[in-house]
2 protein chains.
Amino acid sequence: MTIAGENTENQILTAASQVFILKGFDGARMQAIADQAGINKALLHYYFRSKEKLFDAVFSEVAANLFPAMKQVIEAELEMKEKITFFVKMYVKTLLENPFIPAFVINTLNTNPNRFLTHIKKAGINPMLLQKQIDEEAVLGLIRPMKAEHLLVNIISMCIFPFVARPIIQNIFEMNNDEYQLYLESRQTEIVDFVLKSITV
Amino acid sequence: MTIAGENTENQILTAASQVFILKGFDGARMQAIADQAGINKALLHYYFRSKEKLFDAVFSEVAANLFPAMKQVIEAELEMKEKITFFVKMYVKTLLENPFIPAFVINTLNTNPNRFLTHIKKAGINPMLLQKQIDEEAVLGLIRPMKAEHLLVNIISMCIFPFVARPIIQNIFEMNNDEYQLYLESRQTEIVDFVLKSITV
DNA sequence: GTCTATACTCTGATAGAC
DNA sequence: GTCTATCAGAGTATAGAC
């Protein structure tokens with residue numbers, strides 16, 4: 001396989017990511033992807049047989065990067081409060097670098113559930129471990145007792161939502177783009193504060 | 001205008017809502033809407049000139065019901081903690097009755113931002129009022145000082161997110177559909193608890 | 001591997017009969 | 001108002017030359 005081939009394949013994947021993420025599967029056009037990659041439509045089909053297959057390749061890659069970092073933090077050897085602090089900062093930082101990923105996943109999830117289901121292997125996150133730690137620290141009086149499925153979802157909700165509902169929030173609070181960027185950054189410490197205050201006994 | 005006409009128009013709007021909400025603008029097919037309404041495509045164009053206009057009609061209706069109830073609670077004459085309790089319970093209850101609306105709005109927001117922008121009149125929510133109340137109650141020591149744009153977004157995030165990320169959450173925590181329904185219901189009190197504990201001085 | 005040209009299907013929209 | 005039939009354009013996919 002020639003070097004040119006490798007490059008083209010990556011070019012296509014990069015272009016496809018951008019278009020699919022921005023428009024979703026149904027809104028994306030093969031022509032737009034070809035343009036973005038600086039090639040023609042025929043070549044897309046040469047490398048990936050169909051639009052579906054191309055989407056799968058993109059989605060796999062995106063999905064693959066969704067959980068591992070999360071899992072690593074969740075399973076780290078840290079006290080819960082440190083873990084939360086670390087997790088939120090890392091997670092919001094990642095989102096700031098990939099602000100359109102969450103909406104893309106949510107969109108796929110809801111309008112093309114079948115397409116998503118073929119990619120679900122398993123998140124790989126073990127909520128039992130998290131629950132165990134919460135229980136232990138609750139006994140020690142470090143935090144209050146709580147269900148893992150609420151704590152984790154609460155935290156992730158607050159991290160992600162401002163990225164997917166941006167236009168609405170920006171409208172309600174009348175922020176311009178620069179202000180919203182600052183707002184998103186400020187949420188890192190804000191969410192940590194909010195959560196820690198809530199779980200402190 | 002005949003009664004039959006009125007009925008047909010409503011039939012179309014109902015069918016169109018269902019299809020658009022499930023598939024998004026790009027994924028929706030006029031044929032699917034016609035089938036759902038029990039009529040043919042031509043009649044869709046007779047009542048609404050184009051797919052875009054039909055979508056606008058649907059989206060207006062959905063968007064119109066998004067904020068008013070919210071606004072009413074936010075501007076009610078209640079102490080902040082009561083207000084939050086009332087708001088969360090009402091809001092999650094509304095979502096349980098319309099579980100696909102949030103994903104639909106988020107999808108439209110992100111893949112067809114222009115389409116959404118034509119509908120933004122103004123949320124009508126005045127965050128200044130909320131901030132004023134927070135400030136006043138903070139002085140009285142009823143709650144801790146906080147920025148309205150964080151408190152409100154935190155609350156709404158936690159209410160909405162489990163509805164748009166359902167498949168992922170359900171997968172991680174290995175819940176079946178019945179369990180997830182119970183989970184969603186349990187979040188009403190869970191979110192209230194979580195927030196009140198956080199904002200208590 | 002990459003291109004141009006084209007086949008074929010789907011879909012939004014219209015014409016015209018009833 | 002409602003239907004059948006059909007058009008025009010867009011979009012995915014393929015054929016075939018280089």
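Note that the structure is predicted; figures quoted are calculated from it, not measured. Lettering of chains follows the sequences in order, A, B, ..., and the numbering in each one begins at 1.
When the P atom of D/dG1 is taken as reference, atom CG of B/Leu44 falls 15 Å away, rounded to whole Å. Between the NE2 atom of A/His45 and the P atom of C/dA5 there is a distance of 18 Å, given to the nearest Å. Atom CG of A/Asn40 is separated from atom C1' of D/dA17 by 13 Å (rounded to the nearest Å). When rounded to the nearest whole Å, the span between CD1 of A/Ile12 and C1' of C/dT2 equals 11 Å. Separating the CG atom of A/Leu54 from the C1' atom of D/dA13 is a distance of 13 Å, rounded to the nearest angstrom. Put simply, CG on B/Asp35 is 12 Å from P on C/dT11, counting in whole angstrom units. Rounded to a whole Å, the CD atom of A/Gln31 is 14 Å from the P atom of C/dA5.
Residue A/Arg29 places at least one side-chain N or O under 4.0 Å from the OP1 or OP2 atom of D/dT12. Not one side-chain nitrogen or oxygen of A/Ser50 sits closer than 4.0 Å to the OP1 or OP2 atom of D/dT12. Phosphate contact (OP1/OP2 of C/dT2, side-chain N/O of A/Tyr47, threshold under 4.0 Å): present.
A/Ala28 comes within contact range of the sugar-phosphate backbone alone, with a heavy-atom separation under 4.0 Å but no base atom that close.
A/Lys41 contributes no side-chain N or O that forms a donor-acceptor pair with the base of D/dG11 under 3.5 Å.
A/Phe20 and A/Phe55 have perpendicular rings, their planes meeting at more than 60° on a 0 to 90° scale where under 30° would count as parallel. Using cut-offs of 30° and 60° on the angle between ring planes, the pair B/Phe87 and B/Tyr91 is parallel.
You'll find that the side chain of A/Lys51 is closest to D/dA13, out of C/dT4, D/dA13, D/dT4. Taking only side-chain atoms of B/Tyr46, from C-beta outward, the nucleotide of D/dG1, C/dC3, C/dT14 with the closest atom is D/dG1.
For the pair A/Ile33 and A/Val19, the tightest heavy-atom approach, listed with the atom from each and the gap, is CG1-CB, 3.7 Å. In terms of heavy atoms, A/Asn126 sits closest to A/Met128 at OD1-N, 2.9 Å.
B/Asp35 and B/Gln31 share a side-chain donor-acceptor pair at under 3.5 Å.
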